[in-house]
Structures are given as C-alpha cells and as structure tokens.
Amino acid sequence: LSMGVIAIGKLSKELFILLLSIVWSVDTSAYLVGKYFGKHKLIPEISPKKTVEGAVGGTVGGVITGSLIGNHLGIFESSLPTLFILATLT
C-alpha cells in the first residue's frame with residue numbers, strides 16, 4: 001500500500017488527472033450499464049449484483065474517457081494500439 005501511495009505521489013499532474021478520470025468513468029459506466037442493461041450475473045457467489053454487461057460497459061467507458069482525456073492533455077494520441085492498451089488495463 002505504501003509503495004502505491006509513493007508511486008501515485010510521483011505522477012505528474014496530467015497523469016494523475018488521467019488516472020482519476022479513468023477510475024471514475026470505469027466505475028460509473030459499469031454501475032449504470034449493469035443497472036439498466038445487466039442480465040447475466042458475472043460471479044454471483046462473490047458479488048451477486050455484478051453483471052457481464054456492467055463489466056463490458058465499464059471497460060468501454062474507461063477506454064473512451066481515457067482516450068479523450070489522454071488526447072486532450074497531450075499524453076498520447078488515440079490510435080488502435082492505444083485503445084487496446086487502455087482496454088487491457090481497465
């Protein structure tokens with residue numbers, strides 16, 4: 001935990017904003033998509049309300065937000081490899 005706090009503290013302002021925006025958008029997108037479109041339970045024994053649709057919605061929301069914010073802040077350009085990496089990390 002302390003290593004994570006130290007690592008986050010060393011991020012630039014732009015990367016910190018990118019990190020927070022991706023985390024926020026993944027969480028919000030997963031909740032909203034799961035609530036309104038969720039039909040298939042992901043792992044009901046562990047978390048009964050999590051759905052496959054919510055997981056996919058969170059990933060898509062994180063990729064879209066990450067690419068828009070990252071491009072706007074000049075951290076990276078939106079390209080197919082960038083979108084793939086964002087999808088893998090979210």
Side-chain angles (χ1 to χ4, degrees):
L1 179 64
S2 62
M3 294 299 285
V5 171
I6 292 170
I8 289 174
K10 293 183 181 263
L11 290 177
S12 68
K13 182 175 129 181
E14 290 82 10
L15 287 175
F16 186 69
I17 290 170
L18 178 64
L19 175 66
L20 287 181
S21 64
I22 290 173
V23 169
W24 173 79
S25 65
V26 167
D27 192 40
T28 303
S29 300
Y31 172 75
L32 292 174
V33 171
K35 181 176 180 178
Y36 292 110
F37 302 106
K39 301 262 188 273
H40 304 93
K41 299 294 181 187
L42 191 59
I43 306 175
E45 297 83 18
I46 295 176
S47 186
K49 294 188 176 186
K50 300 277 190 281
T51 63
V52 173
E53 295 82 2
V56 171
T59 300
V60 170
V63 168
I64 291 170
T65 302
S67 65
L68 291 174
I69 299 292
N71 194 17
H72 179 73
L73 294 175
I75 297 171
F76 51 76
E77 292 182 20
S78 295
S79 64
L80 193 57
T82 302
L83 297 177
F84 180 74
I85 291 169
L86 282 170
T88 303
L89 293 175
T90 59

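This one's a predicted model, so the numbers in the text were calculated from it and none came from an experiment.
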Can you hop from [X] to [Y] via hydrophobic side chains spaced under 4.5 Å?
X: Tyr36; Y: Val33; answer: yes
X: Tyr31; Y: Ile22; answer: no
X: Ile64; Y: Val56; answer: yes
X: Trp24; Y: Ile8; answer: no
X: Val26; Y: Ile75; answer: yes

Evaluate the side-chain proximity of [Y] to [X]: yes if any heavy-atom separation is below 4.5 Å, no if none is.
X: Thr82; Y: Ser67; result: no
X: Phe76; Y: Leu86; result: yes
X: Asp27; Y: Val23; result: no

Residues 13-21, side-chain donor-acceptor partners within the protein, below 3.5 Å, at least two apart:
unit_1, atom_1, unit_2, atom_2, d
Ser21, OG, Ile17, O, 3.1
Ser21, OG, Leu18, O, 2.9

Could you report the tightest heavy-atom contact between [X] and [Y], atom names first, then the distance?
X: Ala87; Y: Thr59; value: O-CG2, 4.0 Å
X: Lys49; Y: Lys41; value: CA-NZ, 4.2 Å
X: Gly57; Y: Ser29; value: O-CB, 3.4 Å
X: Ala55; Y: Leu42; value: CB-CD2, 4.5 Å

Open item on the list: Treating Ser78 as the side-chain partner and Leu68 as the backbone partner, does any N or O pair qualify as donor plus acceptor under 3.5 Å?
Closed with: no
Task: Flag, side chain of Glu53 to backbone of Lys39, donor-acceptor distance under 3.5 Å - done: yes
Open item on the list: Run the side chain to side chain contact (heavy atoms under 4.5 Å, CB included) test against Ser25 and tell me which residues pass, sequence neighbours left out.
Closed with: Thr65
